Amino acid sequence: MKLRVFLLTVTLALFSGASARAGYQYQFVSGGQVISSAIQVNQGSTVDIQVYLIQTGGSDGLSTSGLNAAGVRLNYSPSGVAQVTAITPNSTPIGAFDTATTTISTGSTKYARLNLSNEPGGSGPAISPDGRVLLGTFTFSGMSVGSTTVYASDATSGIDNILANGQFLDSMINYSASTITINVVPEPGTMVLSGLLAVGIAGGAVRRFRRPATTA
């Protein structure tokens with residue numbers, strides 16, 4: 001209970017600190033849809049979460065100048081429910097950035113970090129007419145039944161997000177959070193028994209319906 005209160009306090013503190021930020025935000029997408037509620041995944045299965053940097057509140061840096069460097073860190077707790085098992089950066093040969101570095105923490109504090117950059121003379125800034133740039137895809141594996149909170153923040157304490165015109169964005173980015181819920185997978189035998197039970201109930205109802213009325 002104390003751990004849950006502590007995590008809630010940390011999350012609220014992050015969002016209250018981010019409320020003064022404006023102009024850009026990390027965005028979670030799964031299955032082509034912006035995540036607005038908890039993501040459901042079965043235990044033992046995986047789910048891909050795409051993390052975008054989007055412009056908000058009238059900012060136009062991503063659609064006019066583009067990104068020369070970007071970074072994001074996903075923190076998730078409790079870590080025993082779901083964990084990041086792979087990171088796919090939006091980098092070459094088919095991505096928008098020239099180089100990428102990834103880190104998946106195996107220590108007591110679980111997080112996954114992604115940094116991207118474009119080299120001089122490379123592919124040029126990552127620019128998006130619709131004002132959203134894909135940073136990468138984080139693959140989560142369902143470890144045990146329960147829920148874990150995932151929130152996106154700056155990749156490091158330094159400067160990670162830089163527009164092609166040289167503007168630093170880190171202090172202007174709002175954080176984002178979502179929940180991953182891991183569901184139990186019924187055993188095959190349980191599924192069969194449930195099916196037989198349903199058939200038996202339905203058959204009994206049919207027999208009662210067809211039973212002729214008795215006369216006095």
Side-chain angles (χ1 to χ4, degrees), residues 11 14-15 17-36 39 47-76 83-105 109-140 149-178 180:
T11 303
L14 284 170
F15 279 100
S19 62
R21 302 169 178 233
Y24 300 89
Q25 183 174 352
Y26 294 117
Q27 183 184 74
F28 294 146
V29 174
S30 182
Q33 301 294 320
V34 175
I35 299 172
S36 57
I39 308 169
V47 61
D48 288 336
I49 297 179
Q50 291 79 41
V51 180
Y52 287 81
L53 183 62
I54 65 172
Q55 59 192 28
T56 62
S59 298
D60 62 357
L62 300 181
S63 55
T64 58
S65 180
L67 277 173
N68 258 353
V72 64
R73 168 172 163 155
L74 296 191
N75 301 274
Y76 44 99
Q83 294 185 8
V84 174
T85 53
I87 304 174
T88 306
N90 183 18
S91 57
T92 54
I94 59 175
F97 295 89
D98 295 327
T99 62
T101 59
T102 62
T103 302
I104 299 177
S105 167
T109 301
K110 300 296 185 183
Y111 67 87
R113 184 169 59 215
L114 169 63
N115 285 93
L116 306 120
S117 63
N118 283 315
E119 304 297 331
S123 60
I127 192 167
S128 172
D130 63 356
R132 60 198 299 261
V133 175
L134 174 65
L135 303 185
T137 300
F138 293 75
T139 300
F140 280 83
T149 300
V150 181
Y151 61 91
S153 63
D154 296 335
T156 68
S157 59
I159 302 299
D160 301 298
N161 298 274
I162 308 173
L163 291 178
N165 62 11
Q167 183 180 8
F168 299 155
L169 299 183
D170 294 71
S171 63
M172 303 172 64
I173 300 175
N174 283 328
Y175 301 150
S176 295
S178 185
I180 299 177

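It should be emphasised that the depicted structure is a prediction, and the values quoted were computed from it without experimental measurement.
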Run the side chain to side chain donor-acceptor pair (under 3.5 Å) test against [X] and tell me which residues pass, sequence neighbours left out.
X      : result
Thr156 : Asp160
Arg113 : none
Asn118 : Ser123
Ser128 : Asp130

Report task. May I have all residue pairs that pass side-chain hydrogen bond (donor to acceptor under 3.5 Å, both in side chains) and include part of residues 49-61, sequence neighbours excluded? Result ->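 As it turns out, the side-chain hydrogen bond (donor to acceptor under 3.5 Å, both in side chains) pairs with a partner in residues 49-61, which skip direct neighbours, are Gln55-Ser63.
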Under the side-chain contact (heavy atoms from CB on, under 4.5 Å) test, which residues partner [X], sequence neighbours left out?
X     : value
Pro89 : Ser91, Ala100, Thr102, Leu114, Leu116
Thr99 : Ser117, Glu119
Thr85 : Thr139, Ser141

What distance do [X] atom [atom1] and [Y] atom [atom2] have between them, rounded to the nearest 0.5 Å?
X      : Y      : atom1 : atom2 : result
Ser105 : Gln83  : OG    : CD    : 9.5 Å
Ser65  : Asn165 : OG    : CG    : 3.5 Å
Leu53  : Leu62  : CG    : CG    : 5.0 Å
Leu134 : Gln27  : CG    : CD    : 10.5 Å
Ile87  : Thr103 : CD1   : OG1   : 7.0 Å

Requested in this report: Just jot down the ring pair (Phe, Tyr, Trp, His ring centres under 6.0 Å) partners of Phe140, sequence neighbours excluded, or say none.
Outcome: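 Scan of Phe140 (ring pair (Phe, Tyr, Trp, His ring centres under 6.0 Å), adjacent residues dropped) gives Tyr76.
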Would you say that [X] contacts [Y] through its side chain, given a criterion of any heavy-atom pair below 4.5 Å between the two side chains?
X      : Y      : value
Asn90  : Leu135 : no
Thr92  : Phe97  : no
Tyr111 : Val84  : no

**Report entry** Step-by-step side chain to side chain contact (heavy atoms under 4.5 Å, CB included) determination, Leu74 to Tyr26
**Finding:** CA-CA 10 Å; Leu74 296 191; Tyr26 294 117; over 6 Å; no
Requested in this report: Quick one: closest heavy-atom pair of Asn75 and Ser153, and the distance?
Outcome: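 Residues Asn75 and Ser153, closest heavy atoms: ND2-OG, 3.5 Å.
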Report task. I would like to know whether Val72 and Phe138 meet side chain to side chain contact (heavy atoms under 4.5 Å, CB included); could you show each step before the answer? Result -> CA-CA 11 Å; Val72 64; Phe138 293 75; 4.0 Å; yes
Requested in this report: Using side chain to side chain contact (heavy atoms under 4.5 Å, CB included) as the criterion, point out the one residue from Leu169, Val133, Asn161 that pairs with Tyr24.
Outcome: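 The passing option is Leu169.
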